[in-house]
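Have a look at the structure below, then the notes.
Predicted model only: the values in this text are computed from it and were never measured. Computation of the quantities below employed the complete heavy-atom set of this structure, encompassing side-chain atoms and omitting hydrogens, waters and symmetry-equivalent molecules.
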There are 2 protein chains.
Amino acid sequence: MGTTQLESVQEPKYWHLRTVLSEALDSDFAVGEVLPNERDLAARFGVARATLRQALEQLELEGRLQRRRGVGTTVAPPRVGVPVATARQGGVEGDADEAWQPLECTTATAPAAVAFTLDIDATEPVHVVRRIRVVHGQALAAELLYVPTSSVPELSAIEVPSGPARARSVVRELHRLGLEGQDRSVELGSARADDAKELDRLPGAPVLVVTTRYLSAAGTAAVSVATYRADTCRLTFGDAGALEISHDEQERQAS
Amino acid sequence: MGTTQLESVQEPKYWHLRTVLSEALDSDFAVGEVLPNERDLAARFGVARATLRQALEQLELEGRLQRRRGVGTTVAPPRVGVPVATARQGGVEGDADEAWQPLECTTATAPAAVAFTLDIDATEPVHVVRRIRVVHGQALAAELLYVPTSSVPELSAIEVPSGPARARSVVRELHRLGLEGQDRSVELGSARADDAKELDRLPGAPVLVVTTRYLSAAGTAAVSVATYRADTCRLTFGDAGALEISHDEQERQAS
DNA sequence: CAGTGGTCTAGACCACTCA
DNA sequence: GAGTGGTCTAGACCACTGT
């Protein structure tokens with residue numbers, strides 16, 4: 001008959017919903033606007049709440065939505081471009097180090113894999129510095145910076161008490177070494193409970209895990225494991241701050 | 001009384017399950033081994049299947065598990081380190097270009113955001129090259145490479161028919177320009193239907209979206225949007241192939 | 001307190017893979 | 001066709017936020 005080929009490939013409901021909602025976000029909503037609550041939305045689209053939630057989860061993963069328990073679902077602003085490495089990445093300067101805010105510092109043994117990367121014995125003590133990266137008053141990343149005590153010999157004599165002051169000392173001493181460059185890797189992870197708390201997210205929230213190896217003439221001087229909020233961050237490498245491609249734009253397929 | 005503080009903070013069941021399963025994976029399972037099916041596992045832990053699945057989803061997101069419909073759930077190998085940029089990223093050579101396998105090439109107008117980044121008019125035609133990055137016989141990434149026709153003037157005269165051959169021509173011409181460097185950004189996304197197909201994933205699967213701007217003396221010569229499988233890939237920058245920190249190792253918290 | 005998103009249940013059916 | 005993971009439902013209760 002005359003019925004036009006309708007969804008014969010049968011995409012899942014939640015996926016179709018995601019597309020519909022995504023288009024609605026583009027045309028009918030402004031950044032920061034709150035959406036109707038999940039029960040209403042589900043009823044409006046004639047699906048179970050769980051299905052509606054599956055669509056919202058997708059959109060949140062893509063950085064389009066922001067959901068807060070007890071508050072509601074709002075339209076998220078475009079992702080922040082976060083400089084992770086500049087073009088001259090061999091530079092001695094601490095890159096965007098001023099953005100990191102030291103919280104505390106303890107001394108302990110490093111996790112096995114970190115010890116391996118540092119090329120030290122697993123029993124050798126390391127300074128563990130806890131830092132967060134704050135932009136516009138919001139924490140974008142939480143980091144653990146592992147610095148072998150042997151890398152910063154000056155410090156052991158000083159004996160600053162634990163806390164932010166000591167964290168700053170360790171970072172200062174590290175910079176004094178004259179770092180020659182960094183190695184980095186980026187992968188997807190989920191926030192541990194402690195990181196989630198710093199980032200104001202729930203445990204298990206998707207994060208981009210940036211592992212950095214700081215190189216000095218003597219070898220690996222320190223290792224940092226930083227977890228960035230995947231929902232709000234776009235990591236940039238090589239002064240690509242100008243890159244302004246957003247996800248909804250990529251949606252359209254050139255054919 | 002004598003009851004020892006047991007889970008008073010009440011973490012969600014699925015999160016606790018994730019931890020239990022994660023430890024079980026470390027101690028009792030080998031890479032590639034298949035887990036019991038979801039219904040059995042759920043029964044064994046005394047939870048609903050949906051809850052068990054929430055835990056499995058977490059572990060899959062972290063690259064610990066691999067799930068295939070009709071087959072089962074298996075223990076995933078450690079993530080592959082994928083070189084995205086080398087230390088001398090200003091190099092003219094195509095980096096790990098040999099790993100990219102051209103599929104086809106069409107000519108069309110670029111999406112608005114891509115046109116903006118290329119600094120061209122949205123109506124100007126661009127070559128759209130479709131490539132996939134294959135390692136060990138498995139597709140790790142799918143890419144759309146946008147090259148303005150004005151960037152590669154030689155090509156319009158040649159008139160190679162659409163297809164892999166033409167794709168190769170465009171890439172070759174692009175390299176001939178003498179590229180001066182690249183800008184990159186990395187963010188989390190979900191696979192579009194076409195990308196999902198190339199990557200052997202379901203639509204919506206988590207991917208790392210790498211947007212690269214190729215710079216020539218004249219400005220932005222091309223833009224590429226590559227989607228990497230987030231479950232299997234660890235993107236490395238600056239010859240950090242040696243970085244071997246895996247997620248389960250990060251689990252332990254130094255305190 | 002009312003209203004929101006987060007968790008959880010116990011089912012059902014479907015799509016896919018493989019023997 | 002048997003067995004797997006993927007989708008979907010219609011409820012329930014909880015944790016959190018604001019007023």
N/O donor-acceptor pair under 3.5 Å between B:Arg229 side chain and B:Ala205 backbone = no

Contacts satisfying side-chain hydrogen bond (donor to acceptor under 3.5 Å, both in side chains) that involve residues 195-204 of chain B (not counting sequence neighbours) are B:Arg130-B:Asp195, B:Arg192-B:Asp195, B:Arg201-B:Asp231

By side-chain contact (heavy atoms from CB on, under 4.5 Å), A:Val135 pairs with (sequence neighbours left out) A:Leu140

Hits for side-chain contact (heavy atoms from CB on, under 4.5 Å) against A:Val71, two or more places apart or cross-chain, chain-then-number order -> A:Arg68

Just do the side chain to side chain contact (heavy atoms under 4.5 Å, CB included) check on B:Val126 and B:Val114 with the steps written out, would you? CA-CA 10 Å; B:Val126 299; B:Val114 173; over 6 Å; no

Classify the angle between the aromatic ring planes of B:Trp100 and B:Tyr228 as parallel (below 30°), tilted (30 to 60°) or perpendicular (above 60°).
perpendicular

What residues 31-41 of chain B contributes to the DNA chain D interface at heavy-atom separation below 4.0 Å is B:Asn37, B:Glu38, B:Arg39

Partner of A:Leu59 under side-chain contact (heavy atoms from CB on, under 4.5 Å), picked from A:Leu17, A:Thr19, A:Leu21, is A:Leu21

Judged by nearest nucleotide, the residue sitting upstream toward the 5' end of DNA chain C, B:Arg49 or B:Leu52, is B:Leu52

Contact span of DNA chain C against chain A, any nucleotide atom under 4.0 Å from a heavy atom, 5' to 3', runs C:dG3 to C:dA15

So, A:Arg213 and A:Thr117: side-chain donor and acceptor under 3.5 Å apart, yes or no?
-> no

Checklist line | Distance-only side-chain donor-acceptor flag, A:Ser190 / B:Glu62, under 3.5 Å | finding: yes

Q. Any Lys/Arg nitrogen of B:Arg53 or B:Glu38 sitting under 4.0 Å from an Asp/Glu carboxylate oxygen of the other?
A. yes

For nucleotides 15-19 of chain D, list the nitrogen or oxygen atoms of the protein found under 3.5 Å from its nitrogen or oxygen atoms, one pair per line.
from   : atom 1 : to      : atom 2 : distance (Å)
D:dA15 : OP1    : B:Gln10 : OE1    : 3.1
D:dA15 : OP1    : B:Gln10 : NE2    : 2.1
D:dA15 : O4'    : A:Arg69 : NH1    : 3.4

